[in-house]
Every structure is written in C-alpha cells, then in structure tokens.
Undergrad: 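One structure coming up, written as structure tokens, with questions to follow.
So that the names make sense, note that chain A is the first sequence line, chain B the second, and so on, each numbered from 1. Just so it is clear, the structure is predicted and the values come from calculations on it, not from any experiment.
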Amino acid sequence: LGVSANWEYADTEGRKGGYFTMDAHMSRAVTEVFVRLYEQGLIYRAKRLVNWDPVLHTVVSDLEVDSEEEDGRLWEIVYPGEGFSVTVATTRPETMLGDVAVAVNPRDERYRTLVGRKVELPLTGRSIPVIADDYVDPEFGSGCVKITPAHDFNDYQVGARHGLEPVNIFTPDASVNDNAPPAYRGLERFAARKTILADLKAAGLLVSEKAYKLRVPRSGRSGAVVEPMLTDQWFVKMESLARDGLEAVASGAVRFVPEHWTATYNHWLKNIIDWPISRQLWWGHQIPAWYDDAGNITVARSEDEASQKAKGKPLRRDPDVLDTWFSSQLVPFSSLGWPEKTPDLETFLPSSVLVTGNDIIFFWVARMIMAARHFTGQVPFRDVYINAIVRDAEGEKMSKSKGNTIDPLDLIDGTTLDALLAKSTVGLMKAEHKERIERYVKSHYPNGIPAFGADAVRFTFASLATFTITLNFDLNRCEGYRNFCNKLWNATRFVLMNAEGKDCGQDEQRPVELSVWDRWIISTLQRAEAEVEAAFAEYRFDNAAAAIYRFVWDEYCDWYVEIAKQQLADGNEAGQRATRRTLVRVLETALRLAHPIIPFITEELWQSVAPLAGKKGETIMLQPYPKSQPEKLDAAAEREVALAKEFVNATRNLRSDMKVPPKDRIALYATGQPSAATVSATVSLARVAEFKVVEELPQSDSPVAVVGPHRIMPYIEVDPAKERERLSKEVARLNGEISKARAQLGNTSFVQRAPAAVVQQMRERVAGFEATLAKVSAQLERLRR
RNA sequence: GGGCGCUUAGCUCAGCGGUAGAGCGCUGCCCUUACAAGGCAGAUGUCGUAGGUUCGACCCCUACAGCGCCCACCA
C-alpha cells in the first residue's frame with residue numbers, strides 16, 4: 001500500500017528505535033519500569049479473585065475476557081434449615097460446593113427472621129448462615145442468593161463484607177479439589193455439574209430447571225469459560241495513573257480524532273480497576289521478583305541486585321511473566337532508548353499522531369498515555385486517529401470463521417474465484433462452516449477479484465475514511481478509484497506527448513502569454529491545494545481524496561486539457577508556450593498533491609513530468625508538498641471561465657436534446673458580447689462550426705437557451721411541436737422556482753428576520769429566473785404563432 | 001442497565017440552518033488519435049417515523065422505531 005517507513009529503524013538491535021518485544025534493550029526498560037513502580041508502591045502482589053483460564057492455566061485481565069450471551073439454564077435448589085428452607089437460583093450449580101452463605105436483602109420481610117440462622121448446604125454436610133446484604137435484589141427469583149466467594153466476583157465482595165472465608169473448590173484445571181466432598185473430587189467442573197444435579201434431584205432438592213440466557217465469560221485466547229479463582233498475582237495500582245491519563249486528554253495534550261472516542265476513553269479510565277499483570281505463561285518478560293524460603297519478596301533489576309538486597313539468602317525467581325501489554329505500553333519511549341536520554345527520545349517523543357483502531361483504546365492507547373506520562377512526564381503522541389472498522393459488503397464484521405475477510409493483496413493483485421475459495425476455507429476450525437463460506441464467496445466474487453493496484457486500493461480507503469465507526473466495504477468503489485488512477489495516467493500521457501521535446505516555457509527570457517483558461521486552471525489549483533491541506537489537517541482523508549479527484553478529473557481533464565488541445569493547435573508561439581508550461585506545471589503540482597494517496601503512479605509519472613516543469617530531484621517523495629498561493633487566485637479568470645463553461649454546457653445540452661449527432665458541427669447564434677474564452681471553448685468543446693454574435697436571434701424555430709446575459713440558438717432544424725414541449729417544460733420549471741422564491745420573499749418575517757445577504761440573494765435569484773423566463777417565454781410565444 | 005454511533009438516489013458513502021451531492025449501477029448518443037477502465041447528455045430521493053424550535057430544518061431539540069458497537073456484578 002506504499003507505507004513509507006524509515007527502514008533504517010528496522011534494525012532490531014535497538015540502536016535505532018526499531019524493536020522486537022524480547023530485545024535486550026526492551027527487556028531492560030520493562031524491568032526498570034517494574035522495579036520503579038514497585039518501589040513507588042504502584043505494583044503489589046496480592047491474593048485476589050481473578051479471571052482464570054483453566055486451559056492455559058493463567059490469569060487474564062478483564063479486557064482479555066469476552067462475554068457473549070449464550071443459551072444456558074437456571075436451576076432452583078432448596079437449602080433446608082431447621083423448620084424452614086430457602087430456595088436459591090443458580091446458573092452454575094457446581095459452585096454450591098464452595099458456598100459459604102445464603103444472602104437475602106435486609107429489607108426483605110419474607111426472610112427477616114431467618115437472618116443469622118443456618119441452613120444445610122446439600123451434598124456437603126456443611127451448614128452455612130443466612131446473611132443480609134444490599135447486593136441482593138429481592139425482586140429476582142426467590143430473593144435468596146447462594147454466596148460463593150471463591151468463584152464469583154460479586155460473592156467475593158459479599159463474603160468480604162461479612163468476614164466469610166472463601167472456599168476454593170477448583171484445581172487450576174477447574175476440576176473439583178479436595179475441599180469438596182470425596183464424591184466430587186477430580187471431576188471436571190461440567191461433569192461435576194451433572195453429577196451434582198443428579199444427586200440434588202435424587203435428594204428432592206432440585207425445584208426447577210429452565211432455559212436461560214446468560215453472558216458467558218470466555219478467555220479471548222483459548223475460548224475456555226473463565227473461572228474466577230483466588231490466586232496470588234501481581235497488580236498495578238491504577239487510580240493515580242488513570243487520573244493522570246484522564247488529565248492528559250482533558251487538557252488537550254492528547255486529542256482523539258474523531259473526538260467522540262474521548263467519551264469511551266474517559267469512561268474506562270473513570271471506572272478502572274487494578275490491572276493484574278502477571279501471567280502464568282512461559283513466553284514473555286519474566287517478572288523481576290525473587291522469593292526467599294520464608295516467602296519474602298525482593299524486587300530488583302537483576303539477579304545480583306536481588307541477591308545483594310536479600311543479603312545472600314537463597315532466592316527463587318518468580319516464574320511468571322508479564323502481560324504482553326505491560327511492555328507494549330512502554331513502546332513510545334522504550335523503543336527510543338529509554339531509560340537513557342537518547343537523541344531519538346528527544347526528537348520523537350511525543351510523536352504527532354498514533355493511527356489505530358478503537359478496539360485497542362483500552363488495551364494499548366490508554367496505557368501508553370499513562371505510562372509515558374508517568375515515566376517521561378510527556379504524552380506519547382498528540383493526536384490519536386481512530387480509523388473505522390471495515391466490514392464486509394453486507395455489513396457483517398469480517399472474520400475468518402465467516403469467510404468474509406478481504407486480503408488487501410487480493411485487491412491489489414487480483415485473484416480468481418478458485419483461489420479465493422481455497423484461501424477462505426483453508427484451516428477452518430469448524431468444517432461445517434465450509435459450505436456457508438463457499439456460498440458467501442461465490443455470491444460476492446463470482447469472477448474473483450480484478451487487480452486494482454495498490455494506488456487504487458489506497459485511494460479507496462482514503463475515500464472511505466470518514467468519521468464513522470464502521471464502514472461497509474464495497475468493491476465497486478474500488479473500481480471507480482482505479483479508473484481515476486488510469487485517468488491520471490492517461491492525462492499525463494497526453495501532456496507528455498505534447499510537451500516532451502518542446503518548449504515548455506522554462507526559459508524566462510522567452511515571451512509567455514497566459515490565456516484566461518491558463519490563469520483559471522492555475523487559480524483553481526490553488527483552491528484545490530487549500531482544500532486538501534484543510535482536509536489533511538482535520539484527518540478527513542475522504543475530503544482530501546475527493547478534492548484531488550475533482551480537481552484532476554472534473555477541472556484539469558474535462559476542461560483544461562480539452563481547451564489546451566485547441567490552444568496548442570491555434571495559438572501563437574507565446575500562447576503555445578504558455579499552454580505547455582501550464583499543462584506541465586499544473587500537472588507536476590497535482591502529482592505532488594496526490595502523492596500521499598497515490599504513491600506509486602505519481603512517482604512514476606513525476607519522473608517524466610518534473611524535468612519538463614523545471615523540477616529537479618531524485619524522487620517525488622522528497623519534494624515539498626504543494627501549498628496554496630493566494631496571489632495566484634484569479635477571480636476575474638474564474639468568473640469568465642464559469643460563464644464560458646455554462647455556455648458550453650448549454651450548447652451541448654441543446655445539441656443533446658435535439659439529438660444532434662456528436663460529430664455534426666453546427667452554427668450557433670449568440671446575443672450579448674461573449675468573451676474570447678467563451679467563443680473559443682464553445683467552438684471546440686460544443687463542436688460549433690460557426691459562432692455568430694448577433695444583436696437579435698434570427699426568427700427561427702430553432703431551440704433557444706439562456707446563459708447569463710446571453711441568449712443562444714444553435715441553427716438546427718427542429719420539429720416545432722417538440723421544441724414547444726421542451727420550452728413549456730422549461731417555463732414550468734422556472735415558474736415553479738419563481739413562485740417558491742416569491743413565497744419566501746412575500747413572507748414578512750423572512751424579509752425582516754433573515755440576514756440581509758440571504759434576502760438579497762433570494763431577490764437576485766428571482767430576478768435571474770424572471771429574466772430567463774422572459775426570454776424563454778418570448779421564444780415559446782414565437783413558436784406558437 | 002449505562003455509553004457511543006448510524007438511518008440521505010438501486011448499492012457504498014459525503015453533506016448540513018438558506019436552490020439535495022459523489023463513486024458505482026441505470027437510460028440515450030458516441031470507437032472524436034490522452035483515456036470505451038473513456039466522452040457527452042440524462043433519469044432516479046415525502047434526507048427512518050412523529051412532534052417541537054426557527055422567517056426557514058436533511059441539518060438543532062424531544063420522543064419513537066430499526067441497525068451496529070463498547071462497557072456493566074443481577075444470582
């Protein structure tokens with residue numbers, strides 16, 4: 001796609017800012033950060049309830065857990081007491097083995113007398129108390145909740161409030177452990193569930209079972225259902241860091257683009273909890289903490305340092321590694337040499353912009369901001385540009401299992417249906433998806449994908465880069481922008497054909513006579529440059545692309561090149577020189593203007609065009625970016641050309657309406673004093689053989705159109721009836737516009753309250769329509785006679 | 001339950017208080033030596049629904065409907 005990286009920095013040895021996560025210099029920064037945070041009291045080790053992945057045998061953070069709604073069941077179980085019993089509801093009956101209480105709401109009259117009494121925990125022989133806690137919603141179910149502090153986050157809180165010791169009933173595999181009755185030990189949790197339900201049923205304690213939708217937390221890595229478990233882990237205390245992170249954005253030091261992502265960022269940081277950073281994996285940065293036999297903790301930068309601190313006591317290093325995001329959050333400065341004060345750090349921190357997706361605002365963006373502020377006192381970057389998520393043509397999220405992903409390389413190089421089918425169904429986790437995927441691919445890419453080229457793909461995504469959250473990918477737009485790239489290519493071919501080996505006006509000594517059209521395209525170029533600059537400044541790549549597209553195609557190709565053909569054919573020497581100079585200079589500038597979005601083609605073309613425009617340089621990449629020069633704006637030329645274009649359009653319009661074959665040249669009468677630019681443009685672009693300026697249009701049935709102060713009449717034989725019909729339609733249209741505008745002006749509140757300029761504009765509008773109507777009506781009258 | 005966003009031409013998307021736009025698709029005429037992946041001309045929209053504010057609303061406000069995403073502890 002033409003990503004322009006500084007490849008010198010690809011050196012992963014770390015001297016130049018490139019990095020691989022496990023490089024020595026990166027590891028050193030990670031250790032340094034860990035030690036400092038520990039010394040500052042911002043890293044601590046504690047036994048807490050965490051999200052446990054029983055497949056990978058590691059803790060994962062909240063962000064690594066995905067909760068999806070799934071079909072589950074809700075069971076009601078009776079816990080008998082003496083002279084009473086309570087019914088609790090649960091989606092996870094196996095956890096009852098770890099229950100330590102039954103909770104009711106303190107204001108719930110039904111159970112007030114039971115609080116403090118005991119119930120028997122079925123199947124275990126244990127008895128547990130009935131407690132009162134506000135957490136319980138008396139409206140839900142029976143209003144009684146079983147409390148399992150070791151395997152439920154809410155219950156953990158409740159248990160803590162009531163001084164109840166959690167009972168952990170699972171091994172790291174999530175099989176039942178020895179804290180449970182022998183009958184269940186060693187059973188995997190879902191097997192245990194089955195057995196327990198059967199036993200409860202046998203004991204008559206199972207009241208009901210019904211289908212129930214619930215959100216199941218799954219580990220993002222393994223897909224395993226996460227088990228809340230009490231384990232010893234390392235945590236980062238987030239409160240102060242988060243406060244600082246909020247401040248960085250609130251103060252404007254870091255800016256989200258589009259701005260609405262700020263709300264997402266703020267919401268997370270305001271509700272942040274401490275971050276468990278240790279992972280029970282064997283690949284990653286090892287935690288720089290050591291334990292002596294008594295379990296005392298020593299945190300140090302190295303084994304030697306630890307040994308010194310521990311005064312030679314035998315030490316064992318913590319086998320855990322750090323969450324991958326722990327090192328990633330340091331990248332903005334660790335990759336630049338931190339903790340040393342390097343020139344790179346000085347130069348590139350903060351960087352100007354981070355371009356990323358909204359899915360890692362929490363994982364990465366927020367943490368980079370907090371870490372950079374904490375350790376360098378700086379923000380890591382000033383702007384965070386969040387791009388849209390690209391979805392498939394049906395608006396579905398792209399995913400391998402759906403087979404609706406698009407490989408950018410297939411758009412660039414093209415591919416066949418067979419290749420696409422093979423690619424999207426290879427290595428499928430679920431074979432049954434194959435048929436569906438094949439159907440999808442066949443319906444959307446019956447002929448595979450044509451090759452669009454890297455530039456067209458890049459231009460397409462720029463054009464689609466609006467401030468929306470998602471965008472549906474459409475192959476057709478790719479096609480349109482590929483056509484634009486071709487247009488640019490072909491226009492350049494034309495210019496080269498006419499300019500190479502010829503005098504392109506680079507010698508300032510020789511006379512150059514700029515026509516109105518030359519001055520107009522130069523002026524229009526200034527406007528395009530300003531538009532593009534403004535668009536880039538606000539990250540509106542779609543607007544930048546559109547401005548370039550319109551200038552190149554709609555103005556330069558459609559009008560200027562066409563006019564230039566005539567100027568080259570008919571002009572005097574100074575005029576031809578001016579035309580070539582303008583053709584070449586404007587094109588050269590347009591190529592530079594388009595280069596960031598169309599890198600390859602513009603480079604290729606620029607190599608040939610630049611010398612003709614007197615530009616020297618090895619590559620377009622190192623040329624200055626075009627900047628609008630207001631002194632080259634030419635309002636007079638713009639006005640004149642605007643009228644000339646209208647003239648041409650009106651003439652073409654009449655030709656088309658009258659079904660004049662394109663190759664027929666016609667005679668055209670015009671009133672008023674059309675400018676030379678108008679006459680020449682009309683002659684060449686509307687294929688007029690004879691352009692006659694007259695006081696009054698000839699008495700004829702030929703069609704008439706009104707262009708500003710002019711009336712024009714191509715000399716065409718027409719069927720008067722058809723022409724009457726055409727003119728009547730025009731009269732009706734004008735009358736409609738006039739009555740709409742008059743109604744506005746007849747409204748006294750409008751005239752009194754609307755800005756004077758708007759009212760004035762409306763008056764001119766009416767006057768314009770009326771003048772046109774008068775002329776058109778006159779012709780219609782004539783035809784009726 | 002909270003938050004964010006979206007709803008404009010057949011499709012993908014701009015626009016935004018003062019005459020509805022682009023690309024693709026569609027219709028007609030053209031192989032006019034830069035380009036048929038092109039040229040010229042053209043058709044197509046009660047701008048999600050209902051209220052409100054305003055001289056004026058696609059645009060601002062409110063409610064509703066539909067769609068999407070994020071966050072959240074309801075057993």
Undergrad: Under 4.0 angstrom, heavy atoms only, what part of the nucleic acid is A:Phe362 near: base, sugar-phosphate, or nothing?
TA: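 Answer is sugar-phosphate: A:Phe362 comes under 4.0 Å of backbone atoms only.
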Undergrad: Pick the P atom in B:U53 and in B:C74, then give their distance to the nearest Å.
TA: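 My reading of the P atoms in B:U53 and B:C74 gives 42 Å.
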Undergrad: If you look at every strand shown and take non-hydrogen atoms under 4.0 Å, does A:Arg540 touch a base, only sugar-phosphate, or nothing?
TA: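 Sugar-phosphate, backbone atoms only, no base.
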Undergrad: Let me know which of A:Glu70, A:Glu69, A:Glu68, A:Glu227 forms a salt bridge (charged side-chain N to carboxylate O under 4.0 Å, His left out) with A:Arg218.
TA: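 Filter result, single survivor: A:Glu70.
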Undergrad: Can you work out whether A:Ala451 or A:Thr91 has the more 5'-proximal nearest nucleotide on RNA chain B?
TA: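 Nearer the 5' end of the strand: A:Ala451.
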Undergrad: Please work out if A:Pro755 contacts a base, only the sugar-phosphate, or nothing of the nucleic acid, heavy-atom cut-off 4.0 Å.
TA: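 Touches a base.
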Undergrad: Could you identify which residues of residues 468-475 of chain A place a heavy atom less than 4.0 Å from some atom of RNA chain B, listed by residue number, or say none?
TA: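 The answer is A:Thr468, A:Ile469, A:Leu471, A:Asn472, A:Asp474.
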Undergrad: Listing request: all salt bridge (charged side-chain N to carboxylate O under 4.0 Å, His left out) pairs with a residue in residues 145-154 of chain A, at least two apart in sequence or in separate chains.
TA: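 For residues 145-154 of chain A, and leaving out neighbouring residues, the salt bridge (charged side-chain N to carboxylate O under 4.0 Å, His left out) pairs sorted by first residue read A:Asp99-A:Lys146.
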Undergrad: RNA chain B: A:Val145 or A:Met762, which has the more 5' nearest nucleotide?
TA: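 Nearest nucleotide further toward 5': that of A:Met762.
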Undergrad: Could you check whether A:Tyr212 gets within reach of a base, just the sugar-phosphate, or nothing at all, counting any heavy atom under 4.0 Å?
TA: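 Sugar-phosphate contact only - A:Tyr212 comes under 4.0 Å of backbone atoms but never of a base.
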Undergrad: Is A:Asp137 touching bases, backbone alone, or none of the nucleic acid, heavy atoms closer than 4.0 Å?
TA: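 Base, at least one base atom sits under 4.0 Å.
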Undergrad: Applying salt bridge (charged side-chain N to carboxylate O under 4.0 Å, His left out) as the test, list every pair that has at least one member in residues 453-472 of chain A; sequence neighbours left out.
TA: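 Qualifying pairs: none.
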Undergrad: Mind checking the C1' distance from B:A65 to B:U12? Whole angstroms is fine.
TA: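 One C1' to the other, the span is 24 Å.
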Undergrad: Roughly how far apart, to the nearest Å, are B:C47 and B:A57 at atom P?
TA: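 It works out to 13 Å between them.
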Undergrad: For A:Arg655, answer base if it contacts any base atom (sugar-phosphate contacts may also be present), sugar-phosphate if it contacts only those atoms, and nothing otherwise; contact means non-hydrogen atoms under 4.0 Å.
TA: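 Since no nucleic acid heavy atom lies under 4.0 Å of A:Arg655, the category is nothing.
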Undergrad: Given Watson-Crick or G-U pairs with both distances under 3.5 Å, what dot-bracket string fits RNA chain B, with | for other-strand pairs and [ ] for crossing?
TA: (((((((..((((....[..)))).(((((.......))))).....(((((..]....))))))))))))....
Undergrad: Can you tell me the distance, in whole Å, between the CG atom of A:Asp133 and the P atom of B:C74?
TA: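 In whole Å, B:C74 P lies 16 Å from A:Asp133 CG.
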Undergrad: What pairs with A:Glu588 under salt bridge (charged side-chain N to carboxylate O under 4.0 Å, His left out), at least two apart in sequence or on another chain?
TA: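 A:Glu588 satisfies salt bridge (charged side-chain N to carboxylate O under 4.0 Å, His left out) with A:Arg592 once adjacent residues are dropped.
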Undergrad: Which nucleotide in the set B:C24, B:U12, B:A75 lies at the smallest distance from any side-chain heavy atom of A:Leu464?
TA: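 It is B:U12.
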Undergrad: How would nucleotides 27-34 of chain B be written as a contact map, 5' to 3', with B for base contact, S for sugar-phosphate-only contact and - for no contact, using protein heavy atoms under 4.0 Å?
TA: --SSS--B
Undergrad: Taking any heavy-atom pair under 4.0 Å as a contact, classify A:Asn747: base, sugar-phosphate, or nothing.
TA: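 Sugar-phosphate, no base atom in range.
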Undergrad: Tell me whether the OP1 or OP2 atom of B:A14 has a side-chain N or O from A:Asn543 closer than 4.0 Å.
TA: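 It does not, given that no N or O in the side chain of A:Asn543 lies less than 4.0 Å from OP1 or OP2 of B:A14.
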Undergrad: Would you please indicate yes or no on a ring centroid separation below 6.0 angstrom for A:Tyr445 and A:Tyr440?
TA: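 Centroid separation for A:Tyr440 and A:Tyr445: 6.0 Å or greater.
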Undergrad: So what does A:Ala754 touch, heavy atoms closer than 4.0 Å: a base, only the sugar-phosphate, or nothing?
TA: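 It contacts base atoms.
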